[in-house]
Amino acid sequence: GGTSAPSKKIGLAISTLNNPFFVTLKEGAEAKAKELGYELVVTDAQDDPAKQAGQIDDLIQKKVSIILLNPCNSDAAKTMVEKATKAKIPVISVDRGVNGATVLSHIASDNVAGGVMAGEELLALVGEGAKVVELQGIPGASATVDRGTGFHQAVDGKLNVVASQSADFNRDKGFTVMQNIIQANKDIKGVFAHNDEMALGAVQALEAVGMKTVVVIGFDATDDAVAAVKAGRMKATVAQKPALIGSMAVDTAVKYLKGETVSAKIPVPLELVK
Amino acid sequence: MKQFHFTIPQQYSSLIGLLLLGLLLSILSPHFLTISNLMNILNQVSLNGLVAVGMTFVILSGGIDLSVGSVLALSGALVATLLKSGISDVVSIVIAVILGSLFGLLNGVFISFFNLQPFIVSMAFMTMFRGATFVFTQGRPITGLGDSGMFVAVGRGEIVGVPWSGIILLISFIATAFILNKTVYGKGIYAIGGNAEAARLSGLPVKRLRASVYAISGFFAALASIILTSRLDSAQPLAGQGYELDAIAAVVLGGTSLSGGRGYMVGTIIGAFIIGILNNGLNLLEVSSFYQQIVKGAVILLAVLLDRRK
Amino acid sequence: MKQFHFTIPQQYSSLIGLLLLGLLLSILSPHFLTISNLMNILNQVSLNGLVAVGMTFVILSGGIDLSVGSVLALSGALVATLLKSGISDVVSIVIAVILGSLFGLLNGVFISFFNLQPFIVSMAFMTMFRGATFVFTQGRPITGLGDSGMFVAVGRGEIVGVPWSGIILLISFIATAFILNKTVYGKGIYAIGGNAEAARLSGLPVKRLRASVYAISGFFAALASIILTSRLDSAQPLAGQGYELDAIAAVVLGGTSLSGGRGYMVGTIIGAFIIGILNNGLNLLEVSSFYQQIVKGAVILLAVLLDRRK
Amino acid sequence: MKLEMLGICKSFGPIQVLKNMKLEILPGEIHALVGENGAGKSTLMKIVGGVIQKDAGEIRINDKLVEINKVRDAERLGIAIIHQELSVIPDMTITENVFLGNELRTLWGLVDEKTMNREVTKVLGKLGLDVNPKERCKNLGVGQLQLVEIAKALIHRAQLIVMDEPTSALTDYEIERLFTIIRSLKQDGVSFVYISHRLEELFTICDRLTVLRDGEYIGTSTIKELSFNQVISMMVGREIGDRFPKKTNRPGATILEVHNLSSTSKFHNISFNLRRGEILGIAGLMGAGRTELVRALFGAEPADSGEIWLNGKRVTIKSPKDAMALGLGFVTEDRKTEGLFIDFSLHFNIIATNFKKLSTYGLLHQQRIVPYVESLIQSLRVKTSSIYETAKNLSGGNQQKVVVAKWLGRKPTILILDEPTRGVDVGAKREIYEIMNDLAHQGVSIIMVSSELPEIVGMSDRVLVLRLGHQAGMLESDITQERIMSLATGV
Ligand SMILES: Nc1ncnc2c1ncn2[C@@H]1O[C@H](COP(=O)(O)OP(=O)(O)OP(=O)(O)O)[C@@H](O)[C@H]1O
Ligand SMILES: Nc1ncnc2c1ncn2[C@@H]1O[C@H](COP(=O)(O)OP(=O)(O)OP(=O)(O)O)[C@@H](O)[C@H]1O
Ligand SMILES: [Mg+2]
Ligand SMILES: [Mg+2]
């Protein structure tokens, strides 16, 4: 390395590639980087902030010119940003914000707002007072916390949430947990799942017992879920446009590297696919 | 005949745990003791049950197999791909199950013929197979598997209300219990788990026996993957994560010793049902997911305490 | 003196693995062999290294501890809460480490005094402690821990460029290697792992020794939690998930036998560095994350193959 | 030290093993404790050692009532036990094993390896074992391990030393050294309880003797007042006749030839042949390479060079499986680690060598198995409550019979026995000898490794003597203990 021209390397630290959402985000970023002639270095923290901290260190070692950080956890990312800043590498936060430290720019769509959007849609479809189920993500994960918060903002006091159970963002568990909940609640009208994987598992479980009228709303708008919405098996899913987030992040980074100014907050609009 | 006389009392204690748990849930939830819920449990237990059946062979032989969850994911991805490419369901299933057994056997070859520790070898393959699944699926579910009869039936079908998956589990259980108790092969597994050196000096093919149990474990992981893939109508790259722990827990709850040579297939099935019923009950009782883990851990600890024998 | 003569050749092979890996990475990446990257690795290894140091005691005694990750999370939540409530950093750290040791000891009590299998007991506690962490933190990270000097230093500070966390690791390593080799207590751990019945016949307090190693393991998990909490300036409810496998892998890569009684602390440190350097190298080489798992598994398998001895 | 035990009772489950047993040991006395296999000798001594607890009775030491609830209690009272079953920790060094639980410490409280190694070297030297104290025990032979166990008891400076079959794998040379040590400790007032099925030893070393039968006290007497046969009849409650049964075998044609068999550092250029219906003894001092030689014959460990011919054809034996296919059987030296599935039933142990014959298409014939097991158990008179009893719960001698049984069932044409009567009582020994003679009479060829010279002399048609891994000679006739010893020691 040394003192030659700033490298054309951009670091992208992803929280987890075990989730198709972030796989799509990564692919959006990769496509954009290729188009602009930059090299993208991607790391995968498998949702472990400690691992991510190490990966940020590794990216600093590699002297990337800018880091796109998709934090596993907004609070835990603070020290990573501080470290990168100290090494004179700017950070752009992607999809999740960073609490307690300043980043160059924040590119995301808001999980809490998405939760509200899903909750309002569900309320509109099943009517006030109906019994509904919430399938939660991995306990303690930030998407679980934020989407749950938004959902409850929208429906508390208006819908009767008879069961809130965790299915770990997993289709397989979504299926089993839904199956079990059905045993005790045959009269539910709707389901909100914190992601599409669990929503699709729930759809399978509901279809298996013939409860095809139950409204299922997911989150993420993965290909599978969009197809299910088209086929009428799911009612809606909140689209965060991961590919767009990824490509906008790279775009913003390149603008900054070329000396343009970038705004501190770039919202990516949410959309309800129904 | 006489032998059963000796084995039943040893299973007694874990059976008591199961019955106590069932009784408790019947009292706490009116939804627990219904035909539909029991079939539901049978259906849910089938996955962990099948993996645990294979794991029982491995543990009896004195080994451990952490790769089952990844073998499950990889076989699931394979069967899904085969189905999508238009190959008939029976052929796809057979190929996937054979490949799954071979993946398992890879563990066995390294453990047995290179004499390495099972924990670390199967952990390395757990990582490798998971990576292979990601590469193979590009990190995305494989969906749109079509409606070919046999494949759909395996995970979603029923016969007079009993899920196919449950029937597969029961057949597997009876067949393997028979193999372990009544065949030379089964006794050989116990022998190498009990004292590998004595087994070698008694002329048993220790290396081949040891390698074979991992193939069996892979076989059952692949079988479970077919049911799971059918049930979700899609293959998931993350499928089966953490299944190894659930399967080991089922085996150990059933009274089988992790040091090998001691245990029974009956116990494993009881263990798998304890875990399955526990998960079902926690959902039925709507225990908050934060507290679920505390309860689950405590019940497992209680069950092994009940099962304790000198 | 002479004893080192005996121990070094046995470590030789895993050391060779480590050096080979280091050499390869030095050739492949210009960023690898720099002071700053080496310090970076030291910093990254410290967490797994500390947990593995504790795990070594457990494994040498013939047991296993799956609860370390959850103990880490719970202790982290505790130290964060103590700090936020205004208690001084030294006192908070001491309390958290003591509580962590007690959590570990709970495993030990059940395993030793009720004579239960370590795998299942520590798995039950892994689940329970994780649940307790969720309940305690309400599933949210605890942040805003302030800037008290000692606490910040532990995870983020340096002395002449060497991270504190690395220094803590090295001190822990030297102290424990010393305990295992030179004290009666250490001999006792080897003895119960080597042949518990023989140890009993020699009058060793087998039960107490066996229980104690889990307290040690809890102690080091809690120590790691302090570093992690400081490094992230927040306590995470999901912290430490999967750490047990990495720690066990480090111990086994270091040549320690999972059946107990055989192994060395030196090996564990080498093992932890193999894993740490591997992770660092894969990132420096920009291996795609799907392929990383395949490479990682393969390298671990290769390392144990290199280390193989009759 | 004076020890009295009175009214001792002990049951394992429904089986009462000790019934109102008593024992009195005087200061500076060497007291023999004898009885058949399973009589309860080890059980009684485990109670003294705090390994197990008595159900009833009292123990007095120097006329003071004491409670011994754990091993430490016994140690504090100055009691040390050499257990019948080896209980060393294989991965630890000799020194670590010898001092386990009683490590010497430096001023800093740390383990004092240097002094300990020195002490151990001294004790091992006295016992005639010349090995590095830093050697790991897993690298030692059974005989050497037995000396380590003895060293362990000696190092404690105990006032009462219980030796439960200390010499079952030792040769006369080491035994003589052991006796020298025992005698000198006796001068210092140390008392000994000495258990052995080698009755000659008792007459050499012991002062008095207590006999135990089926857990009951039979009598105590001064040993000089008794004859060999009187001791035997007190033990078994009947006359058993000659120690060695009459031989009726007639060795036939050569069936096995061994040419220049070698294994680096273990044995070198061993050549001999074996005839049909012959009993070939292999003798030598401890560590002479006898066990290694027969293990190589059986394919348990590879030989480096040499040839084996069977029935005029050259054969290669790479594994026990190969050997078994050629009609060989092998009763191993260490029953606990190599011979038995110690946690499994007798039933399982006995069929483990013979799965093929007891099954078709891999399916076991339960109906055929039970009579098979029962007939073997009866013909060897194994003392057990059931064929489903766990091997661990049998007395040492009965365990040994189980190992013999599992090979007899195969009807081998060549049977290799490594220390076949280790820990077996006189009555049962005779039964094993009779079985050997019967087999030889039927044309089975037998190779017997033994450290017990009377047994070698009494049973063998010819004797191969090894010294330091080399063939010292083959005695064809006029076999005497003196001639064997002179070949074995080279003097
Ligand atoms: N843990 C146990 N459980 C059940 N039975 C036992 C146990 N230990 C010993 N026994 C039985 O107690 C009896 C006495 O055994 P013990 O070992 O004291 O005999 P012994 O006189 O030492 O015999 P040997 O000469 O063969 O060593 C035997 O019948 C044995 O089967
Ligand atoms: N596993 C081993 N590793 C290294 N050396 C061994 C091993 N087993 C035996 N030896 C050594 O090989 C030599 C021959 O041992 P072997 O057991 O064959 O002797 P032996 O004549 O049968 O005597 P005994 O069985 O009474 O000890 C001995 O010096 C012994 O220490
Ligand atoms: Mg005895
Ligand atoms: Mg020998």
Side-chain angles (χ1 to χ4, degrees), chain A residues 14 16-24 26-27 44 46 133-140 144 148 161-186 196-198 200-205 207-209 222-225 227-228 231 233, chain B residues 29-34 36-41 43-45 47-48 72-73 76 130 133-134 137-144 155-158 163 227-243 276-277 279-293:
Chain A
I14 300 258
T16 175
L17 287 173
N18 287 354
N19 180 337
F21 178 84
F22 294 107
V23 177
T24 311
K26 180 198 84 171
E27 287 168 355
D44 170 11
Q46 288 167 335
V133 168
E134 179 192 15
L135 288 182
Q136 301 167 322
I138 294 172
T144 306
V161 184
V162 291
S164 286
Q165 298 270 295
S166 167
D168 294 346
F169 286 133
N170 185 310
R171 198 184 291 199
D172 173 12
K173 291 225 177 87
F175 176 85
T176 9
V177 172
M178 195 65 221
Q179 233 186 2
N180 289 337
I181 292 173
I182 294 169
Q183 297 299 324
N185 303 283
K186 297 236 156 58
D196 282 339
E197 288 295 305
M198 295 190 292
L200 288 164
V203 167
Q204 292 283 1
E207 284 176 356
V209 293
T222 61
D223 298 348
D224 275 7
R233 298 167 71 208
Chain B
S29 165
H31 308 291
F32 178 74
L33 208 64
T34 62
S36 85
N37 192 47
L38 293 181
M39 288 306 132
N40 174 16
I41 290 172
N43 191 20
Q44 291 176 16
V45 166
L47 291 182
N48 182 29
L72 191 152
R130 182 66 64 190
T133 311
F134 277 123
T137 61
Q138 285 304 309
R140 294 221 167 74
I142 302 175
T143 49
R156 285 172 270 167
E158 295 180 348
I227 295 178
L228 181 62
T229 310
S230 160
R231 184 178 295 168
L232 301 177
D233 198 17
S234 72
Q236 307 286 324
L238 276 181
Q241 254 195 338
Y243 277 28
I277 288 183
N279 283 330
N280 173 266
L282 289 171
N283 285 153
L284 289 185
L285 297 176
E286 282 153 32
V287 177
S288 124
S289 57
F290 293 166
Y291 285 97
Q292 279 199 11
Q293 305 218 32

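Reminder, nothing fancy here: chain letters follow the sequence lines and each chain counts from 1. These numbers were taken from a predicted model, which means no experiment stands behind them.
A donor-acceptor contact closer than 3.5 angstrom is absent between the side chains of B:Gln292 and A:Ser166.
Only the side chain of A:Lys186 comes within contact range of chain B, judged by heavy atoms closer than 4.5 Å. Using a 4.5 Å cut-off between heavy atoms, B:Glu158 makes no contact with chain A at all. Neither the backbone nor the side chain of A:Asp168 has a heavy atom closer than 4.5 Å to any heavy atom of chain B. Residue B:Arg231 touches chain A through both its backbone and its side chain, counting heavy-atom pairs closer than 4.5 Å. The contact between A:Asp224 and chain B is made entirely by side chain atoms (from C-beta outward), counting heavy-atom distances below 4.5 Å. With a 4.5 Å cut-off on non-hydrogen atoms, B:Ser29 does not touch chain A at all. Proximity to chain B (any heavy atom under 4.5 Å) is shown, for A:Thr222, by neither the backbone nor the side chain. There is no contact between B:Ile41 and chain A, counting heavy-atom distances below 4.5 Å. At a 4.5 Å heavy-atom cutoff, the contact between B:Asn43 and chain A is made by side-chain atoms alone. Interface remark: B:Glu286 contributes backbone and side-chain atoms alike to the contact with chain A (heavy atom separation under 4.5 Å). Contact of A:Val203 with chain B is not made at all, since no heavy-atom distance falls under 4.5 Å.
When each of B:Asn40, B:Leu284, B:Leu238 is checked for heavy-atom pairs under 4.5 Å with chain A, B:Asn40 comes out on top. Looking only at heavy-atom pairs under 4.5 Å with chain B, the residue among A:Ser164, A:Ala163, A:Ala184 that has the most is A:Ala184. Contact count against chain B (heavy-atom pairs under 4.5 Å) is highest for A:Gln165 among A:Gln165, A:Glu27, A:Gln136. Heavy-atom pairs under 4.5 Å with chain A peak, among B:Ser288, B:Ala239, B:Ser234, at B:Ser234.
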*Step by step, would you call A:Gln179 with B:Gln44 a side-chain hydrogen bond (donor to acceptor under 3.5 Å, both in side chains)?*
CA-CA 9 Å; A:Gln179 233 186 2; B:Gln44 291 176 16; 2.9 Å; yes
*May I have the step-by-step check of side chain to side chain contact (heavy atoms under 4.5 Å, CB included) for B:Ile277 and B:Phe32, ending in yes or no?*
CA-CA 9 Å; B:Ile277 288 183; B:Phe32 178 74; 3.8 Å; yes
_Run the side chain to side chain contact (heavy atoms under 4.5 Å, CB included) test on A:Arg171 and A:Gln204 for me, step by step, so that the C-alpha distance in whole Å, both residues' side-chain angles and the decisive distance to 0.1 Å come before the verdict._
CA-CA 9 Å; A:Arg171 198 184 291 199; A:Gln204 292 283 1; 5.6 Å; no
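A donor-acceptor pair under 3.5 Å is formed between the side chain of A:Asn185 and the backbone N or O of A:Ile181. Judged purely by atom type and a 3.5 angstrom limit, B:Arg130 uses its side chain to pair as donor or acceptor with the backbone of B:Pro237.
Of all non-hydrogen atoms in A:Gly148 and A:Glu134, the two that sit nearest each other are CA-OE2, 3.7 Å.
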